[in-house]
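Below: one structure, written as structure tokens.
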Amino acid sequence: MKRVVIIGGGAAGMSTASRVKKLKPEWDVKVFEATEWVSHAPCGVPYVVEGISPKEKLMHYPPEFFIKKRGIDLHLNAKVIEVEQGNIVVQESDGEHKYEWDYLVFANGASPKALPIEGVDLNGVFTADLPPDAVAIQEYMQKNEIKDVVVIGTGYIALEMAEAFVAQGKNVTLIGRSERVLRKTFDKEITDVVEEKLREHLNLKLNEHTREIIGEEKVEKVATDKGEYKADLVIIATGIKPNVELAKQLGVKIGETGAIWTNERMQTSVENVYAAGDVAETKHFITGRRVWLPLAPAGNKMGYVAGTNIAGLSLEFPGVLGTSITKFMDLEIGKTGLTESEAKEAGYNVETAFIKAGTKPHYYPGGKRIWLKGVIDGDTKKLLGVQVAGGEILARVDTAAVAIQAGLTTKDIFFADLAYAPPFAPVWDPLIVLARVLKF
């Protein structure tokens, strides 16, 4: 019997544990989770804050499911404080304990980046990273009168948290130090559309550096290099960083992205030690370059791959495209593959097109506007990336992701036999139109 120890009970950790127990039910599989939440869904935090989902639903399965149904030795509120070759030390409610391992998996995710300014410890200042954050924000809102909310950041979480408060009728200010929102993820054509929608609903402040969060016992306002803004509640959403401190104790190689280096089997540089999820880097499916893209679907699959290989079978993780989707109010935003700037940096002969279309025929009610930007390799006409904003975008983003992984050209996409009926799509689907404009 082998002993498998997994640090982290999120998506990647529980996926790893479940896979090992499926293949090797007689093995001892232990999972150590620092919180009381397991198999949790951090992506749901903004929607719990908004009030459209109960906090209990942020666990895909309750702890009892993994313990009783899958036979996993699950330890909650168990913080791993030391990692050595062959054993770990864990701080639990009844003191410190040492556990031995034959296989070790780092699945301890990522944490919000600290904002190095005064006032971050004031009451009413929160991050939005894990389910406990959603609970804390809800409780604070119940106990305090909240009218003005400041969200610091311009990424996915910042936009989603801003929406959560706008939807509740709060006066929201979104502050970012960059010149545009979602700058690292989307090209300007798409972010222009997003910013127009943001300005309809909130006070958008770009190119502003937050200097200080001000208040006596609780937050009262936020000061930037260009002004001050009233704030009864502040959300800091300025990015995350992988939790690599424990891996460093064991001498595990940290990759060029700052996350744990892994190969295609999710093995680290140390024998019998694996990493999966937001703590691990991988490679980009198109460029082959090392990337760190902390997204839930990839994290789950990384855990599945790690568990499969630990149990003695062979499975490789092929890499990621960075396919992602979010929304702000009724504007959906998504992408897959490379942006124009990323493709140029990777050395491709880049060609692009940007179009605006409708999601249904003009005569059928309920159609939405949709904007698409396509990026292709001008030499091979292969699709490299698609970015989309507007309505009903999911099918277009997912179709583009499969097309990129399959190595399809604009001609292949143009002749793709996509479904058509007036209630669902125009006869010329926007993705087909994009391929036609990109030419072949």
Side-chain angles (χ1 to χ4, degrees), residues 1-40 59-94 96-109 243 246-247 249-252 260-280 282 296 298-317:
M1 180 184 73
K2 296 293 185 180
R3 298 161 299 184
V4 181
V5 163
I6 299 166
I7 304 174
M14 299 317 298
S15 180
T16 304
S18 298
R19 184 60 175 160
V20 173
K21 288 298 286 187
K22 175 73 172 179
L23 298 174
K24 296 290 184 179
E26 72 280 8
W27 283 15
D28 175 28
V29 178
K30 288 181 168 62
V31 177
F32 297 93
E33 167 57 39
T35 73
E36 62 183 13
W37 298 77
V38 66
S39 185
H40 48 73
M59 284 193 290
H60 189 68
Y61 292 113
E64 295 76 19
F65 173 83
F66 293 103
I67 297 169
K68 295 177 180 179
K69 296 290 187 180
R70 295 189 176 175
I72 296 167
D73 185 8
L74 177 59
H75 296 240
L76 298 178
N77 296 308
K79 184 179 181 181
V80 178
I81 57 177
E82 190 174 340
V83 178
E84 299 174 336
Q85 187 63 45
N87 63 74
I88 64 170
V89 178
V90 186
Q91 180 67 53
E92 301 185 73
S93 59
D94 59 346
E96 292 185 7
H97 298 275
K98 182 175 285 189
Y99 299 91
E100 296 181 341
W101 56 266
D102 299 301
Y103 293 95
L104 179 66
V105 182
F106 290 102
N108 50 325
N243 296 323
L246 291 174
Q249 290 183 12
L250 197 59
V252 169
I260 297 175
W261 177 92
T262 62
N263 63 15
E264 289 83 358
R265 293 164 56 85
M266 306 316 301
Q267 294 169 310
T268 72
S269 61
V270 176
E271 186 177 6
N272 294 337
V273 177
Y274 293 70
D278 291 357
V279 77
T282 182
N300 276 282
K301 292 168 188 173
M302 286 178 177
Y304 187 92
V305 170
T308 298
N309 290 308
I310 289 169
L313 300 182
S314 182
L315 186 63
E316 293 187 353
F317 185 74

### Task
Please work out whether the ring planes of F32 and H75 are parallel, tilted or perpendicular, with thresholds of 30° and 60°.
tilted

### Query
Below 4.5 Å, heavy atoms only, C-beta onward: do V273 and W101 meet side chain to side chain?
yes

### Task
Apply side-chain contact (heavy atoms from CB on, under 4.5 Å) to V80 and V5, showing your working.
CA-CA 11 Å; V80 178; V5 163; over 6 Å; no

### Message
Please enumerate all residues that pass side-chain contact (heavy atoms from CB on, under 4.5 Å) together with A11, with sequence neighbours excluded.
### Response
N300

#### Entry: Exercise: identify the closest heavy-atom pair between G9 and V31
CA-CG1, 3.8 Å

### Message
For G299 versus A12, what's the shortest heavy-atom pair and its separation?
### Response
O-CB, 3.4 Å

### Query
Excluding sequence neighbours, so at least two apart, what forms side-chain contact (heavy atoms from CB on, under 4.5 Å) with D278?
A110, P294

### Task
To the nearest 0.5 Å, tell me how far E82 CD sits from L246 CG.
10.0 Å

### Summary
With sequence neighbours left out, the residues meeting side-chain contact (heavy atoms from CB on, under 4.5 Å) with D102 are K2, R3

### Query
If you round to the nearest 0.5 Å, how far is CG of L250 from CD1 of I88?
11.0 Å

### Message
To the closest 0.5 Å, what do you measure between OG1 (T16) and NZ (K21)?
### Response
14.5 Å

### Query
For E84, which residues count as a salt bridge (Lys or Arg N to Asp or Glu O under 4.0 Å) partner, sequence neighbours excluded?
none

### Task
Among residues two or more places apart or on two chains, list those pairs meeting salt bridge (charged side-chain N to carboxylate O under 4.0 Å, His left out) that have a residue in residues 23-36.
D28-K30, K30-D73

### Query
Taking it one step at a time, do M14 and V38 satisfy side-chain contact (heavy atoms from CB on, under 4.5 Å)?
CA-CA 8 Å; M14 299 317 298; V38 66; 3.5 Å; yes

### Query
Of all heavy-atom pairs between R265 and N309, which one has the smallest distance, and what is that distance?
NH1-OD1, 3.0 Å

#### Entry: Within 6.0 angstrom of K301 NZ, more than 12 heavy atoms from elsewhere
no

### Task
Output the distance between atom CG (N108) and atom CD1 (I7), rounded to the nearest 0.5 Å.
6.0 Å

### Summary
For V89 and K98, the nearest pair of non-hydrogen atoms, with its separation, is CG2-CE, 4.1 Å

### Query
Take atom OH in Y304; do more than 12 heavy atoms of anything else shown fall under 6.0 Å from it?
no

## Note on the structure
Residues A247 and I260: closest non-hydrogen pair is CB-CD1, 3.6 Å

### Query
Atom CH2 of W261 and atom CD of Q267: how far apart are they, to the nearest 0.5 Å?
8.0 Å

### Task
Say whether, by atom type as modelled, one donor and one acceptor occur between the side chain of N272 and the main chain of L104 under 3.5 angstrom.
no

### Task
For R19, enumerate each residue passing the salt bridge (Lys or Arg N to Asp or Glu O under 4.0 Å) test, keeping only those at least two apart in sequence or located in another chain.
none

## Note on the structure
d(T262 OG1, F106 CZ) to nearest 0.5 Å is 13.0 Å

### Message
Minimum heavy-atom separation for A107 and I6, please, with both atom names.
### Response
CB-CG2, 4.3 Å

### Query
Yes or no on side-chain contact (heavy atoms from CB on, under 4.5 Å) for Q85 and V270, after CA distance, side-chain angles and deciding distance?
CA-CA 9 Å; Q85 187 63 45; V270 176; 3.9 Å; yes

